[in-house]
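Take a look at the structure set out below.
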Amino acid sequence: ARGSDPVLFCVAAHGPYVQIIEEPKQRGFRFRYECEGPSHGGLPGASSEKNRRTYPTVKINNYVGHARVEVQLVTHTDPARVHAHSLVGRHCNENGTCSLDIGPNDLTASSVPEPKQNHNLLGSEAKELGKVMDLNIVRLRFTAFLQDSNGGFTRALKPVVSNPIYDSKSPNASNLKISRMDKTCGSVLGGDEIFLLCDKVQKADGRHPAAGPDAAEQPAARRAQHLQPPAAGSLLC
DNA sequence: CCCGGCTTCCC
DNA sequence: CGGGAAGCCGG
């Protein structure tokens, strides 16, 4: 908490609380099915890079001692409800909840080393649930339990919920990708027309803006932010 | 019955 | 891991 901010300062001064110090990476991670096996890598942190991997991480502030941190998947809509999908991994149980004991010195938990998301449902179940919750978006909910005088982890702190994570396999969360372009050179004066062919295009992406203010246009505009550009400078030669 | 789009599974 | 085939489902 910044000292200059009275509100944050008050909260911090009142007692232990959980803080997310590394959010999960929101895009680019693919949810896996149970049948795909356990070894597809963990959910990376927002600032993760291939030579410097990070994982979602929480920290318990204003506390010294042992604590247990539990993580589970919740819906992306509020109020957060337990998600149909579940976390799997070394510290996870069959209910999809991961649990890690931390402290007394280091009060950070690198969100249970390798949390991995998995579908855990029969087809028919998934279909029913798909109507009530978006199966392609999850959030992580972290709940910390402080140790009581008997040694039990009973003192639950207020849970914190991460940013939403979008399944990269889901058609409308995947990035537009340029597969071909009709020219790689152009006039320095600009004004050239270049045709780009893209992968991962969805039906609604083809609509012309002039068609009117249709909600179906939204995905294209939103996804365009994630469009993979060609190598820098390749348009001038 | 066919078709497109998404889900599930496989490599 | 990502790409893609197979399968399912609604229209």
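Throughout, protein chains are lettered first and strands after them, A, B, ... in sequence-line order, and every chain is numbered starting at 1.
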**All side-chain hydrogen bond (donor to acceptor under 3.5 Å, both in side chains) counterparts of Asp106(A), not counting sequence neighbours** = Thr108(A)

**Prompt:** For Gly186(A) and Asp192(A), which heavy atoms make the closest approach, and how far apart are they?
**Reply:** CA-OD2, 3.0 Å

**Item:** Canonical and wobble pairing (Watson-Crick, G-U, under 3.5 Å) of DNA chain C, dot-bracket with |
**Value:** .||||||||||

**Message:** Among residues at least two apart in sequence or on other chains, which ones pass side-chain hydrogen bond (donor to acceptor under 3.5 Å, both in side chains) with Thr54(A)?
**Reply:** Glu22(A)

**Prompt:** How would you list all residue pairs meeting salt bridge (Lys or Arg N to Asp or Glu O under 4.0 Å) that involve residues 54-68 of chain A, not counting sequence neighbours?
**Reply:** Arg68(A)-Asp101(A)

**Message:** Main chain of Asp134(A), side chain of His83(A): is a donor-acceptor contact present, judged purely on distance under 3.5 Å?
**Reply:** yes

**Nearest-angstrom distance from the residue atom CD of Glu34(A) to P of dC9(B)** = 10 Å

Would you be so kind as to tabulate the donor-acceptor pairs closer than 3.5 Å made by side chains of residues 150-158 of chain A, with sequence neighbours excluded?
| from | atom 1 | to | atom 2 | distance (Å) |
| --- | --- | --- | --- | --- |
| Thr154(A) | OG1 | Asp148(A) | OD2 | 2.7 |
| Arg155(A) | NH1 | Gln147(A) | O | 2.8 |

**Prompt:** Where is the tightest heavy-atom contact between Val88(A) and Glu34(A), given as atom of each residue plus distance?
**Reply:** CG1-OE2, 4.4 Å

Can you give me the N/O atom pairs linking the protein to nucleotides 4-7 of chain C at distances under 3.5 Å, or say none if there are none?
| from | atom 1 | to | atom 2 | distance (Å) |
| --- | --- | --- | --- | --- |
| dG4(C) | N7 | Lys169(A) | NZ | 3.3 |
| dG4(C) | O6 | Lys169(A) | NZ | 2.4 |

**Item:** Nearest non-hydrogen partners of Gln26(A) and Pro164(A), listed with the distance
**Value:** NE2-O, 2.8 Å

**Fill in**
Whole-Å distance, Phe31(A) CZ to dC1(C) P, equals 15 Å

**Request:** Can you tell me the distance, in whole Å, between the OH atom of Tyr33(A) and the P atom of dT7(B)?
**Result:** 7 Å

**Asked** How long is the line joining CG of Leu43(A) and C1' of dC1(C), in whole Å?
**Response** 14 Å

**Request:** Would you mind reading off the distance between His85(A) atom NE2 and dT8(B) atom C1', rounded to a whole angstrom?
**Result:** 12 Å

